[in-house]
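All residue numbers in this chain count up from 1 along the given sequence. Just so it is clear, the values below take in all heavy atoms, side chains as well, and ignore hydrogens, waters and symmetry mates.
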Amino acid sequence: MGSINKIILMGTLGADPELRQSSGGKPYVSISLATHRRIQKETGERKAETQWHRVMVWGRTAEVVATHCTKGTPILLEGHMTSYKKEVEGRVTYQVGIVAENVQLIPG
């Protein structure tokens, strides 16, 4: 049996992307992407709910994102979910994030 790990998101950047280089010299940006959905409460009131996603973009795509995107830029991305270990001040935590494989800038 096969499996699928695919994510498609359309949202806006929460901050200006900052281009960095990995220890191996590969360019990357880490972006925070906001997506919104409308929900209806039991009272009938409609409300917008925001979700924040941590996304890593690598290589030439990272360079394009860093050059052409700023806070609030709408983008469409396709990628996969990944988990990773992070250590801060001796404390180890496990995080879940998204690695973007394709990024499209949305006019507007």
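Scanning both residues, Val29 and Glu18, for their nearest heavy atoms gives CG1-O, 3.5 Å. Nearest approach of Ala66 to Pro17, heavy atoms of both residues: CA-CG, 4.0 Å. Counting all heavy atoms, side chain and backbone alike, Thr35 lies closest to Met10 at CG2-O, 3.5 Å. Scanning both residues, Ala48 and Arg38, for their nearest heavy atoms gives CB-NH1, 3.6 Å. Between Trp58 and Ser22, the closest heavy-atom pair is CZ3-CB, 3.9 Å. The minimum heavy-atom distance linking Tyr84 with Gly97 is given by the pair CE2-N, 4.0 Å.
Looking at heavy atoms from C-beta onward, Glu63 lies in side-chain contact with Leu19 at the 4.5 angstrom threshold. At a threshold of 4.5 Å between non-hydrogen side-chain atoms, the residues Leu33 and Thr12 do not count as touching.
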Practice task
Please step through side-chain contact (heavy atoms from CB on, under 4.5 Å) for the pair Ser30 and Val55, ending with a clear verdict.
Solution key: CA-CA 6 Å; Ser30 176; Val55 181; over 6 Å; no

Practice task
Start with the C-alpha distance between Leu76 and Val103, add both sets of side-chain angles, then the distance that settles side-chain contact (heavy atoms from CB on, under 4.5 Å), and finish with yes or no.
Solution key: CA-CA 6 Å; Leu76 172 69; Val103 176; over 6 Å; no

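Between the side chains of Ser32 and His53, no donor N or O sits under 3.5 Å from an acceptor N or O. A side-chain donor-acceptor contact under 3.5 Å links His80 and Glu101.
The distance from atom OG1 of Thr61 to atom CG of Asn102, rounded to the nearest 0.5 Å, is 7.0 Å. Interatomic distance, Met56 CE to Ile98 CD1, rounded to the nearest 0.5 Å: 12.0 Å.
Side-chain atoms of Asn5 come within 3.5 Å of backbone atoms of Met81 as a donor-acceptor pair (strictly under, hydrogens ignored). A donor-acceptor pair is defined here as one N or O able to donate and one able to accept, closer than 3.5 Å; such a pair exists between the side chain of Asp16 and the backbone of Lys71.
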